[in-house]
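A short write-up of the structure that comes next.
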Amino acid sequence: MRVLVTGGAGYVGSVSVEALVAAGHEVVVLDDLSRGHRAAVVDGARLVEGSYGDAPLLRAVLAATPVDAVLHCAARSLVGESVENPALYYRENVGGGVTLLEGLREAGVRRLVFSSTAAVYGEPTSLPIREDAALAPINPYGETKRSFEGALRWYAGAYGLRSVSLRYFNVAGASERNGEVHDPETHLIPNVLRAVLGLRALTVFGTDYATPDGTCIRDYIHVEDLARAHLLALDATAPDDPRTSGPDGAASALALNLGNGGGFSVREVLAAAELATGAAIPHGIGPRRPGDPPVLVADAARAREVLGWRPERPDLAEIVASAWAWQQDHPAGYPD
Ligand code: UFG
């Protein structure tokens, strides 16, 4: 099928595009390259430079190359930035998102898979987190993702849009071709690896949490496992597919957690990185980072049941080793 991937030059988007192209799909990437990288788009996919929030551009792209489905990966995604500048997050993640939905409605596209986040849950009240847990985001990033999920639910009933929101936990690792580069980089694993290379200092944010070793616990999932889940989720949006149908057979919106279902502490990540790199990890200890819940672990049973998906690379050491291989090949990130 022909798939439009917004944000297909970013981290998760580019690895998902690799998987789509490898599976024989035709891919159009829509990315304004504000945070994505031209070099991350695999040969075989076509890159259109621009934003999903640009209605005339979207109309032109969809008219020139009608698509069967959309993978909506593009978004602003920094928690701290979202607190400082919520307007940006509402404008792009919600306002731009609705522009995308309107463009799809106009073009008659009724299949969408959305990059959502564990941040929609806020501070979980029970663990592991199930999809039916209360949605109570504690920052604008999570709130804007929740808003878009809400739009998808209402668009399903009113306009027949079938969708799957994939709530990512901590995405990590790299494919052979693409890896994680954010600016600024806030995520633990790339920061650990840069510390090994002497490119930056690493601080462990808080060692006084109520966890066995005092550091926060997260559910790390390999980006290639995540990418495979996107392809399976796209299948679930096929016309009449019961997984995106309500009791009356009409279109509905589905939300699924994507995690391994197991947690690792920050100290355990450092230990895995020592094994992967063969080097001690230079680091200091700092205060807690505001807004970090002590534990975020997915109940990932529903994705397994509904999509028939299994993480193939759940091993933390392997996840970190893949990120390390990529980091060594790309010490300065992408050429552009
Ligand atoms: N950490 C450090 N030092 C660093 C970076 C991170 O100690 O330099 C710690 C954090 O405090 C946290 C853990 O490592 O305890 C993981 O932090 P990340 O920034 O890698 O990931 P988060 O768990 O904060 O972020 C994830 C997703 C976000 C989502 C958020 C919800 O990447 O998209 O969970 O809380 F919003």
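In each ligand, atom 1 is the first atom listed, and ligand 1 is the first ligand listed.
Aromatic rings of Phe114 and Phe148 (six-membered ring for Trp) have centroids within the 6.0 Å cut-off, being under it. Taking the centre of each ring, Tyr11 and His37 stay at or above the 6.0 Å mark.
At a 4.0 Å heavy-atom cut-off, the residues surrounding ligand 1 are Val79, Thr117, Ala119, Tyr141, Asn170, Thr186, His187, Leu188, Asn191, Leu202, Thr203, Val204, Phe205, Cys216, Arg218, Tyr220, Val266, Arg289, Asp292, Leu296, listed by chain and number.
Identified under the side-chain hydrogen bond (donor to acceptor under 3.5 Å, both in side chains) test for residues 190-200, with sequence neighbours left out: Asn191-Arg200. Within the structure, every pair that satisfies the salt bridge (Lys or Arg N to Asp or Glu O under 4.0 Å) test and touches residues 234-260, not counting sequence neighbours, is listed here: Asp241-Arg243.
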Show me, pair by pair, the donor-acceptor contacts under 3.5 angstrom made by side chains of residues 269-290, not counting sequence neighbours?
{"from": "Thr277", "atom 1": "OG1", "to": "Ala273", "atom 2": "O", "distance (Å)": "2.7"}
{"from": "Thr277", "atom 1": "OG1", "to": "Ala279", "atom 2": "N", "distance (Å)": "3.2"}
{"from": "His283", "atom 1": "ND1", "to": "Ile281", "atom 2": "O", "distance (Å)": "2.9"}
{"from": "Arg288", "atom 1": "NE", "to": "Asp208", "atom 2": "OD1", "distance (Å)": "3.0"}
{"from": "Arg288", "atom 1": "NH2", "to": "Asp208", "atom 2": "O", "distance (Å)": "3.0"}
{"from": "Arg289", "atom 1": "NE", "to": "Asp292", "atom 2": "OD1", "distance (Å)": "3.4"}
{"from": "Arg289", "atom 1": "NE", "to": "Asp292", "atom 2": "OD2", "distance (Å)": "3.1"}
{"from": "Arg289", "atom 1": "NH1", "to": "Thr186", "atom 2": "O", "distance (Å)": "3.4"}
{"from": "Arg289", "atom 1": "NH2", "to": "Asp292", "atom 2": "OD1", "distance (Å)": "3.2"}

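For the pair Cys73 and Gly13, the tightest heavy-atom approach, listed with the atom from each and the gap, is SG-CA, 4.0 Å.
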